[in-house]
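Note sheet for the following structure.
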Amino acid sequence: MIIPIQEVDRETLCNIVEGFVLREGTDYGSLEFNLQDKVEQVLGQLESGDALLVYSELHETVNIVPKAQFIPDSL
């Protein structure tokens, strides 16, 4: 189920994004970004709709996924 980010408290959303960034260990190539920069990039993707906040009823977890991964016809 997609969770509209507007319905999530901003502090809670930032905590979810921070946990995601720390968990994913994303590779940014030769450029290095600090944690806050990475969090802001993911928040920007959520706000633009390029990424979605998704709740899994099966696993009872919240995750962030690229829109194209969750909605394949969105390209």
Side-chain angles (χ1 to χ4, degrees):
M1 165 176 58
I2 297 173
I3 302 170
I5 62 168
Q6 299 81 3
E7 295 181 14
V8 179
D9 177 75
R10 185 69 178 185
E11 183 176 347
T12 301
L13 182 61
C14 288
N15 288 334
I16 292 169
V17 171
E18 185 174 316
F20 170 79
V21 168
L22 291 171
R23 181 175 70 241
E24 291 300 309
T26 51
D27 181 14
Y28 290 82
S30 61
L31 300 176
E32 290 193 28
F33 294 92
N34 65 35
L35 177 61
Q36 188 59 39
D37 289 339
K38 292 176 184 179
V39 167
E40 289 176 14
Q41 288 177 355
V42 174
L43 283 171
Q45 292 173 0
L46 286 166
E47 291 167 352
S48 71
D50 292 333
L52 302 171
L53 191 60
V54 178
Y55 175 71
S56 168
E57 294 175 10
L58 176 64
H59 299 105
E60 296 182 349
T61 58
V62 174
N63 200 7
I64 298 170
V65 297
K67 181 179 181 180
Q69 178 182 329
F70 194 77
I71 305 172
D73 293 337
S74 65
L75 295 177

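FYI, the numbering just counts along the sequence from 1.
From I16, atom CD1 reaches atom CG of L46 across 9.5 Å, with rounding to the nearest 0.5 Å. Atom CG of L52 is separated from atom CD1 of I2 by 5.0 Å, given to the nearest 0.5 angstrom. Note that CD of Q69 and CD1 of I64 are 12.0 Å apart. Values are rounded to the nearest 0.5 Å.
Take Q45 and apply the side-chain hydrogen bond (donor to acceptor under 3.5 Å, both in side chains) test, not counting sequence neighbours, and it matches no residue. Here L35 pairs with E18, V21, L22, V39 under the side chain to side chain contact (heavy atoms under 4.5 Å, CB included) rule; sequence neighbours left out.
Side-chain contact between K67 and D50 is absent, with no heavy-atom pair separated by less than 4.5 Å.
Counting only residues at least two apart or on different chains, the side chain to side chain donor-acceptor pair (under 3.5 Å) pairs with a member in residues 53-66 are R23-N63, S56-H59. Counting only residues at least two apart or on different chains, the side chain to side chain donor-acceptor pair (under 3.5 Å) pairs with a member in residues 5-16 are R10-E47.
Screening V8, L43, V42 against C14 for a side chain to side chain contact (heavy atoms under 4.5 Å, CB included) leaves a single residue, L43.
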